[in-house]
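One structure is given below, encoded as C-alpha coordinates.
The sequence lines fix the lettering, A, B, ..., with proteins before strands; numbering per chain opens at 1. For the numbers below, each heavy atom of this structure counts, side chains included, while hydrogens, waters and symmetry mates do not.
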Amino acid sequence: QWSEPRVCSRRYLRVDFADIGWSEWVLAPKSFDAYYCAGTCGFPIPKVARPSNHATIQSIVRAVGIVPGIPEPCCVPDKTSPLSVLFLDPDRNMVLKVYPGMAVETCAC
Amino acid sequence: LHGGDAPPDAERRVFTHESPDPVHASMFRLYERYSKEPQSRRSGNTVRSFRAVPGVLNGKDVFQFNLSTVPNSEVILLASLHFLHQRPRQRPWRFRRPRHSPGGPHPVPVRLLFYGSSQGSAFGKPLGNATVASFTKGSWQTADVTAAARHAQDIKEPLMAVEVDVGSMAVQGQQRSAQERPPLTELPYILVYADDTAIDEPNSVATTLQRYGPSPAGEGMANSASRIRRELHLQAHANHIPEVHFSNLKSQELWQNTYFPDKTKTGRKQLSGEGGAKPQVLSFDERTMKKARRR
(Lines give C-alpha, C1' and ligand atoms only; values in the text may rest on other atoms or scores of the structure.)
Protein backbone atom coordinates (compact mmCIF):
# COMPACT_ATOMS: atom_id res chain seq x y z
CA GLN A 1 0.00 0.00 0.00
CA TRP A 2 2.98 2.28 0.50
CA SER A 3 3.88 2.01 -3.18
CA GLU A 4 0.59 3.65 -4.12
CA PRO A 5 0.68 7.41 -4.20
CA ARG A 6 -1.28 8.92 -1.35
CA VAL A 7 -2.46 12.46 -1.13
CA CYS A 8 -0.54 14.91 1.02
CA SER A 9 -1.51 14.53 4.66
CA ARG A 10 -0.19 14.58 8.21
CA ARG A 11 1.35 11.32 9.40
CA TYR A 12 2.18 10.22 12.91
CA LEU A 13 5.71 10.56 14.23
CA ARG A 14 6.79 10.46 17.82
CA VAL A 15 10.27 11.77 18.50
CA ASP A 16 12.10 10.44 21.52
CA PHE A 17 14.96 12.71 22.55
CA ALA A 18 16.99 9.62 23.43
CA ASP A 19 16.87 8.56 19.78
CA ILE A 20 18.55 11.75 18.63
CA GLY A 21 21.07 11.73 21.46
CA TRP A 22 19.69 14.67 23.42
CA SER A 23 18.28 12.81 26.40
CA GLU A 24 21.37 13.51 28.47
CA TRP A 25 20.40 17.16 28.85
CA VAL A 26 16.75 17.29 27.83
CA LEU A 27 14.84 16.63 31.05
CA ALA A 28 11.29 17.02 29.80
CA PRO A 29 9.51 15.97 27.75
CA LYS A 30 11.21 12.67 27.08
CA SER A 31 9.33 12.40 23.82
CA PHE A 32 6.73 14.33 21.90
CA ASP A 33 4.38 13.95 18.95
CA ALA A 34 6.09 15.82 16.14
CA TYR A 35 4.14 14.37 13.15
CA TYR A 36 5.34 14.89 9.58
CA CYS A 37 3.87 15.65 6.18
CA ALA A 38 4.00 13.20 3.31
CA GLY A 39 2.08 12.37 0.19
CA THR A 40 1.60 13.58 -3.33
CA CYS A 41 0.40 16.93 -4.58
CA GLY A 42 -0.36 15.71 -8.09
CA PHE A 43 -2.84 17.26 -10.48
CA PRO A 44 -5.65 17.72 -9.68
CA ILE A 45 -4.85 18.53 -6.06
CA PRO A 46 -7.86 17.68 -3.88
CA LYS A 47 -9.17 20.22 -1.43
CA VAL A 48 -8.25 17.95 1.44
CA ALA A 49 -4.61 18.66 0.63
CA ARG A 50 -5.30 22.36 1.24
CA PRO A 51 -3.36 23.59 -1.81
CA SER A 52 -2.27 27.19 -1.98
CA ASN A 53 -3.28 29.04 -5.13
CA HIS A 54 0.32 28.90 -6.20
CA ALA A 55 0.40 25.13 -5.73
CA THR A 56 -2.72 24.78 -7.87
CA ILE A 57 -1.18 26.85 -10.66
CA GLN A 58 2.13 24.98 -10.45
CA SER A 59 0.29 21.68 -10.56
CA ILE A 60 -1.61 22.77 -13.71
CA VAL A 61 1.57 24.04 -15.38
CA ARG A 62 3.22 20.70 -14.66
CA ALA A 63 0.23 18.73 -15.93
CA VAL A 64 0.13 20.73 -19.15
CA GLY A 65 3.83 20.13 -19.58
CA ILE A 66 4.65 23.28 -21.52
CA VAL A 67 7.43 24.34 -19.17
CA PRO A 68 9.90 21.50 -18.69
CA GLY A 69 11.34 20.62 -15.30
CA ILE A 70 8.49 21.92 -13.15
CA PRO A 71 8.09 19.54 -10.22
CA GLU A 72 4.97 18.60 -8.35
CA PRO A 73 4.19 21.01 -5.50
CA CYS A 74 5.61 19.86 -2.18
CA CYS A 75 3.71 18.51 0.78
CA VAL A 76 4.77 20.67 3.72
CA PRO A 77 3.66 21.67 7.22
CA ASP A 78 1.03 24.36 7.04
CA LYS A 79 0.46 24.99 10.74
CA THR A 80 2.84 24.08 13.52
CA SER A 81 2.68 24.26 17.29
CA PRO A 82 5.34 25.16 19.87
CA LEU A 83 6.85 22.85 22.45
CA SER A 84 8.14 23.64 25.93
CA VAL A 85 11.46 21.94 26.62
CA LEU A 86 13.16 21.72 30.00
CA PHE A 87 16.88 21.09 29.69
CA LEU A 88 20.25 21.55 31.31
CA ASP A 89 22.54 24.20 29.86
CA PRO A 90 26.30 23.52 29.59
CA ASP A 91 26.71 24.87 33.16
CA ARG A 92 24.12 22.31 34.36
CA ASN A 93 21.57 25.03 35.12
CA MET A 94 17.98 24.15 34.36
CA VAL A 95 16.53 26.10 31.45
CA LEU A 96 13.03 26.16 30.09
CA LYS A 97 12.43 27.25 26.52
CA VAL A 98 9.32 27.35 24.39
CA TYR A 99 10.43 26.48 20.86
CA PRO A 100 8.10 27.48 18.03
CA GLY A 101 7.29 25.19 15.11
CA MET A 102 8.11 21.90 16.82
CA ALA A 103 5.04 19.83 15.92
CA VAL A 104 2.98 19.71 12.75
CA GLU A 105 -0.67 20.62 13.16
CA THR A 106 -1.73 20.54 9.51
CA CYS A 107 -0.09 19.79 6.18
CA ALA A 108 -0.69 21.41 2.81
CA CYS A 109 0.51 21.40 -0.76
CA LEU B 1 12.03 7.96 15.88
CA HIS B 2 8.85 6.04 15.50
CA GLY B 3 7.22 6.70 12.18
CA GLY B 4 4.11 5.18 10.76
CA ASP B 5 0.56 5.94 9.94
CA ALA B 6 -0.99 5.05 13.27
CA PRO B 7 -3.09 7.66 15.02
CA PRO B 8 -1.51 9.28 18.07
CA ASP B 9 -2.24 7.23 21.10
CA ALA B 10 -3.11 8.73 24.42
CA GLU B 11 0.04 7.49 26.06
CA ARG B 12 2.18 10.38 27.23
CA ARG B 13 4.82 10.50 29.85
CA VAL B 14 3.60 12.62 32.70
CA PHE B 15 6.03 14.31 35.00
CA THR B 16 5.14 14.31 38.63
CA HIS B 17 8.41 15.70 39.82
CA GLU B 18 8.51 16.14 43.56
CA SER B 19 12.13 16.86 44.19
CA PRO B 20 13.39 18.18 47.51
CA ASP B 21 15.59 20.50 45.45
CA PRO B 22 13.64 23.76 45.24
CA VAL B 23 15.23 24.70 41.89
CA HIS B 24 14.14 21.41 40.33
CA ALA B 25 10.70 21.70 41.83
CA SER B 26 10.25 25.29 40.64
CA MET B 27 11.47 24.55 37.13
CA PHE B 28 9.29 21.47 36.75
CA ARG B 29 6.29 23.44 37.98
CA LEU B 30 7.08 26.12 35.39
CA TYR B 31 7.52 23.46 32.72
CA GLU B 32 4.08 22.08 33.46
CA ARG B 33 2.58 25.56 33.35
CA TYR B 34 4.30 26.48 30.10
CA SER B 35 3.34 23.15 28.56
CA LYS B 36 -0.30 23.85 29.26
CA GLU B 37 -0.08 27.33 27.75
CA PRO B 38 2.84 27.35 25.31
CA GLN B 39 1.30 30.16 23.25
CA SER B 40 1.15 32.51 26.20
CA ARG B 41 4.14 34.80 26.08
CA ARG B 42 3.39 36.89 29.09
CA SER B 43 6.40 35.48 30.91
CA GLY B 44 8.54 35.20 27.80
CA ASN B 45 9.72 32.08 26.03
CA THR B 46 12.68 31.33 28.28
CA VAL B 47 13.23 30.74 31.98
CA ARG B 48 16.74 30.21 33.31
CA SER B 49 17.65 29.08 36.81
CA PHE B 50 20.86 29.95 38.58
CA ARG B 51 21.95 28.35 41.80
CA ALA B 52 23.97 30.41 44.28
CA VAL B 53 27.56 29.74 45.18
CA PRO B 54 28.56 31.04 48.62
CA GLY B 55 31.48 33.43 48.46
CA VAL B 56 33.14 36.43 50.06
CA LEU B 57 33.14 39.95 48.62
CA ASN B 58 34.37 43.08 50.37
CA GLY B 59 35.04 40.84 53.35
CA LYS B 60 31.37 39.93 53.58
CA ASP B 61 29.58 36.68 52.94
CA VAL B 62 27.67 36.82 49.69
CA PHE B 63 25.89 34.53 47.30
CA GLN B 64 27.29 34.56 43.79
CA PHE B 65 25.37 33.83 40.63
CA ASN B 66 26.99 33.13 37.29
CA LEU B 67 24.69 34.73 34.74
CA SER B 68 27.12 34.32 31.84
CA THR B 69 24.83 31.88 30.03
CA VAL B 70 22.22 34.56 29.39
CA PRO B 71 22.87 35.57 25.78
CA ASN B 72 22.32 39.10 24.47
CA SER B 73 19.39 37.83 22.41
CA GLU B 74 17.44 37.20 25.62
CA VAL B 75 15.58 40.26 26.86
CA ILE B 76 15.11 39.94 30.60
CA LEU B 77 11.47 40.46 31.53
CA LEU B 78 11.64 39.48 35.15
CA ALA B 79 14.17 38.08 37.59
CA SER B 80 13.37 36.75 41.03
CA LEU B 81 15.67 35.77 43.88
CA HIS B 82 14.47 32.94 46.07
CA PHE B 83 16.13 32.44 49.42
CA LEU B 84 15.49 30.63 52.63
CA HIS B 85 15.66 32.53 55.87
CA GLN B 86 16.92 31.07 59.14
CA ARG B 87 15.66 27.57 59.56
CA PRO B 88 13.80 26.99 62.83
CA ARG B 89 16.11 24.72 64.73
CA GLN B 90 13.43 22.83 66.64
CA ARG B 91 11.51 21.63 63.60
CA PRO B 92 12.78 19.76 60.58
CA TRP B 93 12.97 21.83 57.41
CA ARG B 94 10.30 21.14 54.89
CA PHE B 95 9.87 22.66 51.46
CA ARG B 96 6.51 24.10 52.26
CA ARG B 97 5.22 27.54 53.10
CA PRO B 98 4.61 27.72 56.83
CA ARG B 99 1.22 28.67 58.06
CA HIS B 100 1.09 32.12 59.56
CA SER B 101 -0.15 31.97 63.10
CA PRO B 102 -0.44 34.69 65.73
CA GLY B 103 2.33 33.12 67.73
CA GLY B 104 4.41 32.30 64.66
CA PRO B 105 7.37 34.02 63.02
CA HIS B 106 7.37 37.79 62.79
CA PRO B 107 7.97 39.76 59.57
CA VAL B 108 11.39 41.38 59.40
CA PRO B 109 12.46 43.71 56.56
CA VAL B 110 15.54 42.60 54.68
CA ARG B 111 17.85 44.61 52.44
CA LEU B 112 19.48 42.98 49.42
CA LEU B 113 22.61 44.49 47.91
CA PHE B 114 23.75 43.47 44.44
CA TYR B 115 27.28 43.66 43.11
CA GLY B 116 29.07 42.71 39.94
CA SER B 117 31.86 40.47 41.14
CA SER B 118 33.83 39.43 38.08
CA GLN B 119 36.18 42.40 37.84
CA GLY B 120 38.88 40.64 39.79
CA SER B 121 39.05 43.30 42.47
CA ALA B 122 38.05 42.72 46.04
CA PHE B 123 35.25 45.27 45.71
CA GLY B 124 32.29 44.57 43.50
CA LYS B 125 30.62 47.03 41.19
CA PRO B 126 27.24 48.04 42.70
CA LEU B 127 24.30 46.81 40.64
CA GLY B 128 21.49 48.05 42.85
CA ASN B 129 19.56 47.06 45.91
CA ALA B 130 16.14 45.92 46.97
CA THR B 131 14.20 45.60 50.17
CA VAL B 132 11.90 42.77 51.03
CA ALA B 133 9.32 44.42 53.24
CA SER B 134 7.43 41.49 54.60
CA PHE B 135 9.82 38.82 55.65
CA THR B 136 9.04 35.70 57.57
CA LYS B 137 11.64 33.49 59.14
CA GLY B 138 11.88 29.85 58.19
CA SER B 139 10.30 30.13 54.78
CA TRP B 140 11.34 30.68 51.20
CA GLN B 141 11.23 34.33 50.28
CA THR B 142 11.03 35.87 46.85
CA ALA B 143 12.53 39.21 45.90
CA ASP B 144 12.25 41.03 42.60
CA VAL B 145 15.79 41.43 41.27
CA THR B 146 14.86 42.38 37.71
CA ALA B 147 16.61 45.75 37.79
CA ALA B 148 19.87 44.27 39.06
CA ALA B 149 19.80 41.40 36.54
CA ARG B 150 19.11 43.80 33.67
CA HIS B 151 21.87 46.12 34.86
CA ALA B 152 24.28 43.18 35.01
CA GLN B 153 23.33 42.22 31.45
CA ASP B 154 23.62 45.81 30.20
CA ILE B 155 27.15 46.26 31.53
CA LYS B 156 28.09 42.68 30.51
CA GLU B 157 28.72 41.61 34.08
CA PRO B 158 28.40 37.82 34.17
CA LEU B 159 28.85 37.37 37.92
CA MET B 160 26.34 38.86 40.30
CA ALA B 161 26.86 38.77 44.04
CA VAL B 162 24.01 39.25 46.47
CA GLU B 163 24.56 40.39 50.01
CA VAL B 164 21.63 39.90 52.32
CA ASP B 165 21.69 42.63 54.94
CA VAL B 166 19.39 41.65 57.75
CA GLY B 167 21.17 43.32 60.62
CA SER B 168 21.21 40.93 63.51
CA MET B 169 19.26 38.34 61.52
CA ALA B 170 20.97 36.05 59.09
CA VAL B 171 19.97 34.23 55.98
CA GLN B 172 20.34 30.49 56.06
CA GLY B 173 23.90 29.76 55.12
CA GLN B 174 25.34 33.04 56.33
CA GLN B 175 24.87 32.11 59.95
CA ARG B 176 27.05 29.06 59.45
CA SER B 177 30.77 29.05 59.71
CA ALA B 178 32.83 29.60 56.59
CA GLN B 179 33.74 25.91 56.38
CA GLU B 180 30.18 24.75 56.78
CA ARG B 181 28.41 25.13 53.46
CA PRO B 182 24.63 25.09 53.41
CA PRO B 183 23.13 22.06 51.73
CA LEU B 184 22.19 22.31 48.07
CA THR B 185 18.51 22.36 48.90
CA GLU B 186 18.91 25.47 51.04
CA LEU B 187 20.96 27.59 48.66
CA PRO B 188 19.31 30.65 47.16
CA TYR B 189 18.52 30.65 43.46
CA ILE B 190 17.54 33.12 40.79
CA LEU B 191 14.93 32.58 38.10
CA VAL B 192 15.32 34.79 35.03
CA TYR B 193 12.29 35.08 32.76
CA ALA B 194 13.31 36.30 29.34
CA ASP B 195 12.09 36.66 25.81
CA ASP B 196 14.62 35.08 23.47
CA THR B 197 14.45 37.08 20.25
CA ALA B 198 16.62 34.51 18.48
CA ILE B 199 14.24 31.61 19.11
CA ASP B 200 12.29 32.28 15.90
CA GLU B 201 15.42 32.02 13.80
CA PRO B 202 16.03 28.85 11.77
CA ASN B 203 17.70 26.03 13.68
CA SER B 204 17.17 27.73 17.04
CA VAL B 205 16.40 24.38 18.63
CA ALA B 206 19.69 22.94 17.42
CA THR B 207 21.60 26.06 18.42
CA THR B 208 20.64 25.52 22.03
CA LEU B 209 20.04 21.79 22.27
CA GLN B 210 22.52 20.23 19.84
CA ARG B 211 25.72 19.91 21.83
CA TYR B 212 28.26 17.86 19.93
CA GLY B 213 26.47 15.77 17.38
CA PRO B 214 25.19 12.22 17.69
CA SER B 215 28.57 10.54 17.39
CA PRO B 216 31.44 12.90 18.13
CA ALA B 217 34.83 11.68 17.09
CA GLY B 218 37.14 10.88 19.97
CA GLU B 219 34.71 11.77 22.77
CA GLY B 220 31.66 10.31 24.41
CA MET B 221 32.23 6.84 23.04
CA ALA B 222 30.07 5.39 25.79
CA ASN B 223 27.23 7.69 24.80
CA SER B 224 27.38 6.90 21.13
CA ALA B 225 27.49 3.22 21.94
CA SER B 226 24.36 3.51 24.03
CA ARG B 227 22.61 5.42 21.25
CA ILE B 228 23.17 2.72 18.67
CA ARG B 229 22.68 -0.25 20.96
CA ARG B 230 18.99 -0.68 20.14
CA GLU B 231 19.58 -0.61 16.41
CA LEU B 232 22.32 -3.20 16.71
CA HIS B 233 20.09 -5.39 18.81
CA LEU B 234 17.29 -5.31 16.23
CA GLN B 235 19.68 -6.05 13.41
CA ALA B 236 21.05 -9.03 15.24
CA HIS B 237 17.55 -10.46 15.54
CA ALA B 238 16.73 -9.74 11.91
CA ASN B 239 20.03 -11.34 10.86
CA HIS B 240 21.06 -8.20 9.00
CA ILE B 241 24.60 -6.98 8.66
CA PRO B 242 24.86 -3.97 10.94
CA GLU B 243 25.63 -0.77 9.12
CA VAL B 244 26.53 1.09 12.25
CA HIS B 245 29.84 2.44 11.08
CA PHE B 246 28.44 3.64 7.82
CA SER B 247 25.40 5.32 9.34
CA ASN B 248 27.51 6.83 12.09
CA LEU B 249 29.92 8.31 9.64
CA LYS B 250 27.08 9.56 7.54
CA SER B 251 25.21 11.16 10.41
CA GLN B 252 28.37 12.59 11.90
CA GLU B 253 29.24 14.18 8.59
CA LEU B 254 25.74 15.57 8.32
CA TRP B 255 25.84 17.11 11.77
CA GLN B 256 29.28 18.47 11.32
CA ASN B 257 28.49 20.01 7.97
CA THR B 258 25.36 21.59 9.35
CA TYR B 259 26.51 22.85 12.72
CA PHE B 260 30.29 22.84 12.74
CA PRO B 261 31.30 23.97 9.28
CA ASP B 262 34.54 25.68 10.26
CA LYS B 263 35.98 22.81 12.29
CA THR B 264 35.27 20.18 9.70
CA LYS B 265 36.57 22.26 6.85
CA THR B 266 39.91 22.58 8.59
CA GLY B 267 39.89 18.93 9.61
CA ARG B 268 39.12 17.78 6.13
CA LYS B 269 41.73 19.98 4.58
CA GLN B 270 44.29 18.44 6.90
CA LEU B 271 43.05 14.95 6.15
CA SER B 272 43.10 15.43 2.43
CA GLY B 273 46.53 16.97 2.74
CA GLU B 274 47.81 13.93 4.57
CA GLY B 275 46.19 11.34 2.36
CA GLY B 276 46.84 13.12 -0.91
CA ALA B 277 44.33 15.22 -2.86
CA LYS B 278 41.32 13.21 -3.96
CA PRO B 279 39.03 14.33 -6.79
CA GLN B 280 35.46 15.35 -5.88
CA VAL B 281 33.96 13.12 -8.64
CA LEU B 282 34.48 9.38 -8.86
CA SER B 283 36.40 8.32 -11.97
CA PHE B 284 36.56 4.88 -13.58
CA ASP B 285 38.69 3.37 -16.26
CA GLU B 286 37.35 3.10 -19.82
CA ARG B 287 36.68 -0.66 -19.59
CA THR B 288 34.41 -0.27 -16.54
CA MET B 289 32.61 2.62 -18.18
CA LYS B 290 31.99 0.58 -21.33
CA LYS B 291 30.59 -2.29 -19.24
CA ALA B 292 28.33 0.09 -17.42
CA ARG B 293 27.07 1.65 -20.63
CA ARG B 294 26.34 -1.79 -22.10
CA ARG B 295 24.42 -2.79 -18.98
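- Taking B:T208, B:L209, B:L30 one by one and counting their heavy-atom pairs under 4.5 Å with chain A, the maximum is reached by B:L209.
- Considering CZ of B:R33 and OG of A:S84, their distance stands at 10.5 Å, rounded to 0.5 Å.
- One finds the OH atom of A:Y99 at 7.5 Å from the OG1 atom of B:T46 (value rounded to the nearest 0.5 Å).
- Heavy-atom pairs under 4.5 Å with chain B peak, among A:L96, A:V95, A:V26, at A:L96.
- Near-neighbour residues of residues 85-93 of chain A relative to chain B, defined by a heavy atom under 4.5 Å from a heavy atom of that chain, comprise A:V85, A:L86, A:F87, A:L88, A:D89, A:P90, A:D91, A:N93.
- For the pair A:L27 and B:Y31, the minimum side-chain heavy-atom distance is 4.5 Å or more.
- Other residues, nucleotides and ligands place no more than 12 heavy atoms under 6.0 Å from the CG atom of A:N53.
- Evaluation of the disulfide (SG to SG under 2.5 Å) test over residues 7-40 of chain A, restricted to residues two or more places apart or in two chains, returns A:C8-A:C75, A:C37-A:C107.
- Using a 4.5 Å cut-off between heavy atoms, B:E201 makes no contact with chain A at all.
- Of all non-hydrogen atoms in B:M27 and A:M94, the two that sit nearest each other are CE-O, 3.4 Å.
- The two residues B:F28 and A:A28 come nearest to each other via the heavy atoms CE2-CB, 4.2 Å.
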